[in-house]
Amino acid sequence: RAGRRRGTPRPSGSSPERRHELAREAPTDRALDGAGEPPATGAGLVRTARTEERNVVLVHLESTRAQSVTPYNKKLKTTPFLDELAKKSLLAERAYTIIPNSLKASISVNCGIEPSLRAAVEAEPGGIPAPCLAGLLKGQGYRTVFFQSASENFMYFGDQAKNLGYKEYYPVETMDTEGFERSNYFGYEDEVMLKPSEEWLKNHGEKPFVAEYLTSTGHHDYFPPSRYKHEHFVEDDKLNRYLNSVRYLDFFVKNLIEQYKKLGLYKDTIFIIFGDHGEGFGEHGRYVHEDNPYEESLKIPLIIHAPWRFQQGERVEELANLTDILPTVLDLLGYEVKGGRYPGYSLLRPLPEERTLFFSCTNREKCLASIKGHEKYIHHYGDQPDEFFDLSEDPLEKRNLLDERAAEARKRCDELLAWRSRINAIYGGETIRPQREATSRWSVPPRSCAFFTKAPAHSGSSSSPDPAQRKCCEA
């Protein structure tokens with residue numbers, strides 16, 4: 001079944017009728033729309049009658065969660081520019097990262113695939129098992145450039161940018177930082193990228209290009225620059241500093257788009273604005289993002305702004321994740337994929353309602369999670385009770401329904417372990433950690449689905465229940 005989509009019909013070629021026409025024009029092998037197949041190792045692009053040469057700009061909002069930006073939370077006025085931009089853009093209402101980690105999210109966005117569950121494997125030579133967007137479009141004559149306001153050593157992006165297919169790479173070490181404040185322990189405020197961006201665009205903007213801007217201001221330890229002053233959003237000092245960091249990002253996006261307008265590039269550019277992951281502030285007893293499987297860490301903003309499309313705004317209500325960006329961009333540009341299949345779906349077309357999204361914590365054997373419809377299951381590898389939430393009734397994930405949904409949880413756990421095995425196989429497997437020594441008459445098999453049928457009083461507690469309360473289903 002196809003999912004629903006909200007938006008006002010418009011004369012720009014983005015009406016529901018036109019979307020159905022595009023669906024009929026799409027390749028019949030589903031290479032563009034995604035079919036949940038293995039990565040497109042041998043994929044390439046083919047021009048069609050719909051192909052248009054447009055610039056592609058990826059704006060990577062570091063550590064930006066959906067609930068902290070105005071388009072997703074109207075009560076919070078952190079990002080008024082993004083809110084206005086979203087009214088003329090396509091916005092995915094339920095967009096998620098796969099692993100809450102900057103490097104992993106970048107793989108999903110740029111390469112349209114699920115990342116490895118092991119640390120930094122994609123930054124190794126040959127570590128990405130599929131052609132990425134920059135490489136694909138470079139083969140079509142596009143120029144490619146990657147800017148970042150962070151150090152070259154941040155999350156291996158110095159090696160990562162090359163593997164992603166970017167020919168030119170400009171980390172903060174190549175930029176003049178005089179007059180710019182540090183925003184955290186590895187980067188500067190993001191407007192440090194504007195001058196090198198303008199210089200590059202003046203010299204290379206006459207041909208189509210792919211450009212990525214990796215921001216850093218949203219990352220902990222949350223030192224929002226003073227350039228645009230600060231506002232009082234909440235009483236908690238750390239959260240308030242974070243929200244002001246997000247507010248700064250709004251100014252950066254506004255000034256970046258103004259730069260493109262000034263240089264006459266705006267009208268022919270697709271802007272993809274996305275969060276790589278969210279951030280926790282104790283909502284479930286967890287902070288930052290690495291091993292946080294809750295909505296504050298996984299749910300991210302995803303806004304696609306193409307000036308010639310979506311003038312009245314369009315909303316995707318179904319589940320989406322960062323792998324959907326590559327097929328959506330190629331769909332907007334009018335290219336077909338041949339020689340392979342990417343797992344994501346074009347957001348310009350109806351999405352399957354039965355889609356299941358899978359997630360993993362950054363560190364090994366800390367957590368796995370999945371969302372199907374509005375039902376979310378979290379597996380904690382025996383470190384605490386597993387959890388089952390109905391997000392339609394409980395969006396803040398406060399009421400653990402595991403006792404009521406034990407049978408479904410067992411099934412979902414099996415699906416997660418199968419997903420984990422499939423990803424590990426794609427990236428060449430992993431070293432299995434030896435089974436933990438038994439501290440009681442019962443221990444968790446290394447490849448088993450262990451969850452607890454009796455949750456503690458406070459969901460998210462790390463205390464261990466009585467072993468007798470544990471139930472195990474072999475994977």
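In this chain, numbering begins with 1 at the start of the sequence shown.
In summary, of the residues considered (Glu318, Glu353, Glu354, Glu415), a salt bridge (Lys or Arg N to Asp or Glu O under 4.0 Å) with Lys372 occurs for Glu415 alone. Among Asp331, Leu332, Leu351, Asp324, the single residue meeting the side chain to side chain contact (heavy atoms under 4.5 Å, CB included) criterion with Ser346 is Asp331.
The two atoms that bring Trp419 and Phe359 nearest to each other are CZ3-O, 3.6 Å, heavy atoms only. Pairing each heavy atom of Val316 with each of Leu347, the nearest pair is CG2-O, 3.8 Å. Contact record, Tyr248 with Asp190: OH-N, 3.3 Å, taken as the closest heavy-atom pair. Across all non-hydrogen atoms, the minimal contact from Ala92 to Ala320 is CB-CB, 4.4 Å. Nearest heavy atoms, Pro131 versus Tyr342: O-OH, 2.7 Å. For the pair Thr356 and Ser370, the tightest heavy-atom approach, listed with the atom from each and the gap, is CG2-CB, 4.2 Å.
Residues Ser183 and Tyr188 have side chains that never bring a donor and an acceptor to within less than 3.5 angstrom of each other. One side chain, Glu212 or Asn110, offers a donor N or O that lies under 3.5 Å from an acceptor on the other. A donor-acceptor pair shorter than 3.5 Å can be found between the side chains of Tyr169 and Gln148. With hydrogens and angles left out, the side-chain atoms of Ser216 and Ser149 include a donor and acceptor closer than 3.5 Å. Using modelled atom types and a 3.5 Å distance limit, the side chains of Asp221 and Tyr185 yield no donor-acceptor pair. Side chain to side chain, His219 and Asn184 fail the donor-acceptor criterion of an N or O pair below 3.5 Å. A donor-acceptor pair shorter than 3.5 Å can be found between the side chains of Ser102 and Glu62. Side-chain contact, Tyr294 with Glu387: a donor N or O sits under 3.5 Å from an acceptor N or O. Residues Glu191 and Asn255 have side chains that bring a donor and an acceptor to within less than 3.5 angstrom of each other. Donor-acceptor pairing under 3.5 Å is lacking for the side chains of Thr144 and Glu168.
Atom-to-atom distance recorded for Ile113:CD1 and Ile426:CD1 is 7.5 Å, nearest 0.5 angstrom. Atoms CD1 and CD1, on Ile107 and Ile99 in that order, are 10.0 Å from each other to the nearest 0.5 Å. For the atom pair Leu194 CG and Leu201 CG, the distance stands at 10.5 Å (nearest 0.5 Å). Remark: Leu322 CG to Lys104 NZ distance equals 14.0 Å, nearest 0.5 Å. Taking CG from Leu348 and OG1 from Thr328, the interatomic distance works out to 5.5 Å, rounded to the nearest 0.5 Å. Atom SG in Cys361 sits 11.5 Å away from atom CG in Asn101 (nearest 0.5 Å).
Taking the salt bridge (Lys or Arg N to Asp or Glu O under 4.0 Å) definition, one finds that Glu408 meets it with Arg412, sequence neighbours left out. In terms of the side-chain hydrogen bond (donor to acceptor under 3.5 Å, both in side chains) criterion, residue partners of Glu296 (sequence neighbours excluded) are, by chain and number, His284. Partners of Lys299 by side chain to side chain contact (heavy atoms under 4.5 Å, CB included), not counting sequence neighbours, listed by chain and number: Ala66, Tyr96, Glu295. In terms of the side chain to side chain contact (heavy atoms under 4.5 Å, CB included) criterion, residue partners of Pro307 (sequence neighbours excluded) are, by chain and number, Tyr266, His305. For Pro208, the side chain to side chain contact (heavy atoms under 4.5 Å, CB included) partners are Glu53, Asn55, Tyr142, not counting sequence neighbours.
Other residues, nucleotides and ligands contribute only 12 or fewer heavy atoms inside 6.0 Å of the NZ atom of Lys254. Heavy atoms from other residues, nucleotides or ligands lying under 6.0 Å from NZ of Lys267 number 12 at most. The local environment of NZ in Lys138 is crowded, with over 12 non-hydrogen atoms from other residues, nucleotides or ligands closer than 6.0 Å.
Looking at Thr174, its side chain does come within 3.5 Å of a backbone N or O of Pro171 through a donor-acceptor pair.
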message: Run Glu122 and Lys162 through salt bridge (Lys or Arg N to Asp or Glu O under 4.0 Å) and show every step you take.
response: CA-CA 11 Å; Glu122 299 90 348; Lys162 181 179 179 180; over 6 Å; no

- request: Check the pair Asp386, His379 against side-chain hydrogen bond (donor to acceptor under 3.5 Å, both in side chains), reporting the backbone distance first and the verdict last.
  value: CA-CA 5 Å; Asp386 284 8; His379 173 53; 2.9 Å; yes

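Classification of Glu52 and Arg47 as a salt-bridged pair fails, no side-chain N sitting under 4.0 Å from a carboxylate O. Looking at Glu397 and Lys376, a side-chain N of the basic residue comes within less than 4.0 Å of a carboxylate O on the acidic one, giving a salt bridge. Between Glu114 and Arg422 there is a salt bridge, since a side-chain N of the basic residue sits under 4.0 Å from a carboxylate O of the acidic one.
Within the structure, disulfide bond (SG atoms under 2.5 Å apart) pairs that include any residue of residues 127-172 comprise Cys111-Cys132 (at least two apart or interchain).
Close placement of the Phe274 and His60 rings is indicated, their centers lying within 6.0 Å of each other. Not less than 6.0 angstrom separates the ring centroid of Tyr170 from the ring centroid of Trp200. Taking the six-membered ring for Trp, Tyr287 and His220 have ring centres at least 6.0 Å apart.
A cation-pi contact links Arg54 to Trp308, judged by a cut-off of 6.0 Å to the six-membered ring centre and 45° from its axis.
Using the six-membered ring where Trp is involved, Tyr260 and Phe209 have ring planes that are tilted, between 30° and 60° apart.
In this structure, the side chains of Glu279 and Ser297 stay at 4.5 Å or more apart for every pair of heavy atoms.
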